[in-house]
S.K.: 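What follows is a structure written as structure tokens; I'll ask about it next.
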Amino acid sequence: LNLELKHIEKLLVALTALKLVRKRGQKFSCAPVTQRYLVSKSPSFFGNYYRLQSYVLYYPEFARLPQLIRERKPMVAASWPDIMNNPERARTFILGQHSASLGGGRHMARIFDYSKHKRMIDLAGGSGAYSIAAVQKNPDLTSVIMDFPNVLAVTKEIVNDLGLSHRISTLPGDITKDNWPNGDLVLISLIFSAFTPETQQDILKRAYKSLSSGGSIVIHDFIYNENKSGPLISVLYHLTGLDGTPFSGSGMSKLLTEMGFINAKSQTVIPGYTGMVTAQKP
């Protein structure tokens, strides 16, 4: 790479302190966690999330955080419909998010019993990572992913490449405005806390209406713990959306019950990071 030795050594030492690199004698090598998540040929590669999404959309804005809080502005200045209305920006965002969501989707398929359901509505489902993992493990399940048109252009490519287009369909639209399809399972993953309380309640009303009797709703998100002291990654994530409404598991369970759902309960999905709240329509 023709790099200056003293500069690259400082970087390698810093990466060693971060436990991303290992040092043995005078040799540096990737730590196992780096080999697994930050090497592009790894099946668990996570790097596109940082390269295509965080670095482009969030990282530059953190320097403006004090100003944004004083001015009561969200960190992502444009609205989601505006962002997704740009085909190139939508593609960059969704490919980055897909890298981050693959592992979460597979883990969700291990801990949530999709087998009780036949037709899932995946709201703002993005790349389809959660639908893909769900239908791959449950042969009787189909899914409809609802999202903005430019997002779904990328989703269709991913789904088609996996040979799942006969079980995963797409529906263009804004989940806060347009009509939803019907099903026996509604999934809303990593987006619900970005909405205002009024929009959250409206989405739950729509979910109740679209579900068949006995159907389930699953809200997977960056959930606060009960005393709002963490978890660390979740609370830092919420700084990126100052207009959103974070919630705890008990808080969302209470809201679901008020909206007419039953058997509301919460549990951890990705430890220290995300959780989910589930409930049923009577």
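Values reported hereafter were calculated over all heavy atoms of this structure, with side chains retained and with hydrogens, waters and symmetry mates removed.
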S.K.: Is Val277 linked to Ile262 within one hydrophobic cluster, defined over Ile, Leu, Val, Met, Phe, Trp and Tyr using a side-chain heavy-atom separation of less than 4.5 Å?
M.R.: no
S.K.: Less than 4.5 Å apart, any side-chain heavy atom of Ile168 and any of Leu162?
M.R.: no
S.K.: How about Phe222 and Tyr273: are their ring centroids closer than 6.0 Å?
M.R.: yes
S.K.: Applying side chain to side chain donor-acceptor pair (under 3.5 Å), can you list everything that pairs with Ser127, at least two apart in sequence or on another chain?
M.R.: His98
S.K.: Hey, could you give me the CD1/CE distance between Ile175 and Met146, rounded to the nearest 0.5 Å?
M.R.: 7.5 Å
S.K.: Would Met259 end up clustered with Tyr208 when hydrophobic side chains under 4.5 Å apart are linked, directly or stepwise?
M.R.: yes
S.K.: Check Thr278, Leu123, Leu204 against Ile219 for a side-chain contact (heavy atoms from CB on, under 4.5 Å) and give me the one that passes.
M.R.: Leu204
S.K.: Do Met276 and Phe112 have side chains that get closer than 4.5 Å, going by heavy atoms?
M.R.: yes
S.K.: Give me the atom names and distance for the closest heavy-atom approach of Ile121 to Asn182.
M.R.: CD1-C, 3.7 Å
S.K.: Should Val159 and Lys156 count as side-chain neighbours, where that means a heavy-atom distance under 4.5 Å?
M.R.: no
S.K.: Classify the ring geometry between Phe46 and Tyr50 as parallel (under 30°), tilted (30 to 60°) or perpendicular (over 60°).
M.R.: tilted
S.K.: Hey, does Leu52 have a side-chain heavy atom less than 4.5 Å from the side chain of Ser99?
M.R.: no
S.K.: Does the side chain of Val186 reach to within under 4.5 Å of the side chain of Ser210, using non-hydrogen atoms?
M.R.: yes
S.K.: So Arg64 and Glu61, salt bridge (Lys or Arg N to Asp or Glu O under 4.0 Å) or not? Walk me through it.
M.R.: CA-CA 5 Å; Arg64 302 196 309 129; Glu61 295 289 273; 2.8 Å; yes
S.K.: Which heavy atom of Leu164 sits nearest to which heavy atom of Ile132, and what is that distance?
M.R.: CD1-CG2, 4.0 Å
S.K.: I need the minimum non-hydrogen distance between Gly96 and Gln53, along with the two atoms involved.
M.R.: C-NE2, 4.1 Å
S.K.: Considering residues, nucleotides and ligands other than Glu88, do more than 12 of their heavy atoms fall under 6.0 Å from its CD?
M.R.: no
S.K.: Let me confirm one number: the CD-CD1 distance from Gln280 to Ile217, rounded to the nearest 0.5 Å.
M.R.: 10.5 Å
S.K.: Is any side-chain heavy atom of Trp180 closer than 4.5 Å to one of Val144?
M.R.: no
S.K.: Near Asn179 CG, under 6.0 Å, is it more than 12 heavy atoms from other residues, nucleotides or ligands?
M.R.: no
S.K.: Can you sort out the partners of Asp202 under side chain to side chain donor-acceptor pair (under 3.5 Å), two or more places apart, ordered by chain and number?
M.R.: Arg206
S.K.: If you look only at pairs with a residue in residues 122-163, which of them pass as a ring pair (Phe, Tyr, Trp, His ring centres under 6.0 Å), with sequence neighbours excluded?
M.R.: Tyr130-His220
S.K.: Would you say that more than 12 heavy atoms from the other residues, nucleotides or ligands in this model lie under 6.0 Å from the NZ of Lys23, or not?
M.R.: yes
S.K.: Does a side chain donor of either Ser143 or Asp122 reach within less than 3.5 Å of an acceptor in the other side chain?
M.R.: no
S.K.: In the structure I gave you, are the side-chain heavy atoms of Val218 and Tyr114 within less than 4.5 Å of one another anywhere?
M.R.: no
S.K.: When clusters are formed by joining ILVMFWY residues with side-chain heavy atoms under 4.5 Å apart, either directly or through shared neighbours, do Leu38 and Ile270 land in the same one?
M.R.: no
S.K.: When you compare the side chain of Ser42 with that of Tyr37, does any pair of heavy atoms fall below 4.5 Å?
M.R.: no
S.K.: So with a 6.0 Å cut-off around CZ of Phe62, is the heavy-atom count from everything else above 12?
M.R.: yes
S.K.: Taking everything shown except Arg22 itself, do over 12 heavy atoms lie less than 6.0 Å from its CZ?
M.R.: yes
